[in-house]
Amino acid sequence: MTRHGKNCTAGAVYTYYEKKKDTAASGYGTQTVRLSKDAVKDFDCCCLSLQPCKDPVVTSDGYIYEKEAILECILHQKKEIARQMKAYEKQKNEKKNEMEELNKAAKESKMKGFLEKEMSIISKPLNPFTRKAGNVLPSSSAESSGAAAEAGSSSEDKSKQLPSFWIPSLTPEAKTTLVKKPDKTVYCPMSGRPLKMKDLVSVKFTAVDDKVDRVGLINRQDRYVCAVTRDMLGNSVPCAVLRPSGAVVTLECVEKLIKKDMTDPISGDKLTEKDIIVLQRGGTGFSGSGVQLEAKEARPVMQA
């Protein structure tokens with residue numbers, strides 16, 4: 001491929017640099033921005049309020065929520081499910097009533113037709129001069145049938161035409177949207193998996209200094225330590241919650257100490273693999289933090 005200057009506009013080659021430059025100037029294409037640490041929540045912050053938790057709880061997937069916030073979220077989902085269920089039941093009853101009315105009208109029409117046939121049965125003498133249905137129609141009747149066919153075709157053509165919006169009888173009607181049966185399951189707002197109240201586990205962080213109040217802890221960068229090894233906790237340190245005691249420990253402590261006898265060092269209860277909940281931590285600004293820190297914005301693309 002031919003190489004030429006960055007600002008060359010008369011060349012036959014559209015270089016990658018020129019394409020990127022034109023894309024940034026025109027506002028078309030896809031923008032990719034690397035998020036900094038300030039744009040990512042800390043490991044001890046609520047996933048809904050994005051603020052440090054006062055009474056934290058954790059799900060089985062490792063997402064931390066403020067207890068009040070997640071309870072409000074669950075209550076809101078249940079209210080929405082109840083509202084949708086009420087609308088679904090109303091639509092179901094309306095359909096049932098409509099079907100009953102249609103069946104009733106069909107029965108009445110059958111009864112009416114039967115009575116009309118019964119009333120039309122009258123003994124009349126046969127007239128030998130009347131023409132039968134199989135005989136050929138005269139020219140006048142043929143012309144009338146042709147005119148009727150033309151009228152039918154013209155009416156079909158008119159029905160295929162677009163409706164006139166200024167005539168009330170020809171305006172299109174909006175069909176009622178059908179309400180689907182709602183799902184009664186409450187889902188986690190982060191993982192999207194089913195969530196129940198009993199799945200929430202209370203989290204007990206070990207503060208760096210017990211004498212510092214909560215306001216002082218929020219203002220500090222390093223707030224909590226491991227409940228066993230007293231190592232500082234942060235977004236760069238993988239952590240886990242022990243379900244029986246709710247204590248927060250590092251994964252290094254879990255691998256080297258706790259998994260040897262599978263006993264909770266705080267409460268003394270026996271542990272299983274499900275009792276060790278790995279926390280979902282935030283980003284640190286480094287590429288190896290284990291968190292997707294790229295924000296993409298798709299825009300209309302100009303194609304030649």
Side-chain angles (χ1 to χ4, degrees), residues 33-74 188-191 195 197 199-259 263-269 271 273-295:
V33 180
R34 176 78 181 179
L35 298 179
S36 62
K37 182 182 177 182
D38 299 334
V40 183
K41 76 175 189 66
D42 290 333
F43 73 102
D44 60 333
C45 293
C46 174
C47 293
L48 293 175
S49 63
L50 305 179
Q51 297 297 323
C53 297
K54 182 179 179 180
D55 188 8
V57 292
V58 66
T59 63
S60 56
D61 296 320
Y63 292 100
I64 287 184
Y65 296 100
E66 180 70 39
K67 191 173 183 179
E68 183 180 356
I70 190 63
L71 290 181
E72 286 183 0
C73 179
I74 293 174
C188 175
M190 292 299 294
S191 63
L195 180 65
M197 292 281 294
D199 297 336
L200 300 176
V201 179
S202 297
V203 180
K204 298 177 182 177
F205 286 105
T206 305
V208 176
D209 190 358
D210 297 335
K211 298 178 182 179
V212 182
D213 58 353
R214 182 172 178 272
V215 178
L217 281 176
I218 293 175
N219 294 330
R220 297 179 60 170
Q221 185 68 28
D222 300 328
R223 294 188 282 266
Y224 303 111
V225 295
C226 175
V228 178
T229 62
R230 296 290 173 174
D231 292 335
M232 197 65 65
L233 301 181
N235 286 351
S236 59
V237 180
C239 306
V241 177
L242 304 179
R243 189 185 295 269
S245 62
V248 181
V249 295
T250 60
L251 280 183
E252 185 179 3
C253 176
V254 171
E255 296 293 336
K256 293 184 178 180
L257 299 176
I258 297 176
K259 281 193 175 181
T263 304
D264 193 334
I266 308 300
S267 63
D269 298 331
L271 298 174
E273 290 294 336
K274 292 184 179 180
D275 293 335
I276 302 174
I277 304 172
V278 180
L279 289 181
Q280 301 288 338
R281 55 200 178 99
T284 60
F286 294 97
S287 58
S289 62
V291 181
Q292 185 70 21
L293 294 176
E294 282 188 354

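For A247, the side chain to side chain contact (heavy atoms under 4.5 Å, CB included) partners at least two apart in sequence or on another chain are A227, S245, I266. For K259, the salt bridge (charged side-chain N to carboxylate O under 4.0 Å, His left out) criterion is met by E255, not counting sequence neighbours. Residues satisfying the side-chain hydrogen bond (donor to acceptor under 3.5 Å, both in side chains) criterion with D199, sequence neighbours excluded, are absent altogether. Residues forming a side-chain hydrogen bond (donor to acceptor under 3.5 Å, both in side chains) with T250 (at least two apart in sequence, or on another chain): none. The side chain to side chain contact (heavy atoms under 4.5 Å, CB included) check on C47 picks up K41, Y63, Y65, M190, with sequence neighbours excluded. Under the side chain to side chain contact (heavy atoms under 4.5 Å, CB included) criterion, M232 pairs with V208, D222, V225, sequence neighbours left out. The side-chain hydrogen bond (donor to acceptor under 3.5 Å, both in side chains) test applied to D61 returns S191, R193, not counting sequence neighbours. Annotation: salt bridge (charged side-chain N to carboxylate O under 4.0 Å, His left out) contacts of K67 (sequence neighbours excluded): none. Not counting sequence neighbours, S49 has no partner by the side-chain hydrogen bond (donor to acceptor under 3.5 Å, both in side chains) test.
Taking CG of D55 as the reference point, atom NZ of K204 lies at 10.5 Å (rounded to 0.5 Å). How far CG of L251 is from CD1 of I276: 9.0 Å, rounded to the nearest 0.5 Å. The distance from the CD atom of E72 to the CG atom of L48 is 9.5 Å, given to the nearest 0.5 Å. Within the model, atoms CZ of F205 and SG of C239 stand 7.5 Å from one another, a figure rounded to the nearest 0.5 Å.
V57 places a side-chain heavy atom less than 4.5 Å from the side chain of I70. Here the side chains of Q51 and E66 are not in contact, with every heavy-atom distance at 4.5 Å or above. Residues P244 and L271 form a side-chain contact, since some pair of their non-hydrogen atoms from C-beta on lies under 4.5 Å apart. Side-chain contact check for V248 versus Y224: every heavy-atom pair is 4.5 Å or farther apart. Residues D269 and T263 are not in side-chain contact: their nearest non-hydrogen atoms beyond the backbone lie 4.5 Å or more apart. The shortest side-chain heavy-atom distance between L279 and V58 falls under the 4.5 Å cut-off.
C45 and P52 get closest at one heavy-atom pair: SG-N, 3.8 Å.
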Give the C-alpha distance, both sets of side-chain angles, the deciding distance and a yes or no for side-chain contact (heavy atoms from CB on, under 4.5 Å) between Q280 and I64. CA-CA 8 Å; Q280 301 288 338; I64 287 184; over 6 Å; no

Test C253 against I258 for side-chain contact (heavy atoms from CB on, under 4.5 Å), laying out the working first. CA-CA 7 Å; C253 176; I258 297 176; 4.2 Å; yes

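Of the residues L233, L242, L257, the one that meets the side-chain contact (heavy atoms from CB on, under 4.5 Å) test with V249 is L242.
The stretch residues 240-254 participates, sequence neighbours left out, in these salt bridge (Lys or Arg N to Asp or Glu O under 4.0 Å) pairs: R243-D275, E252-K256.
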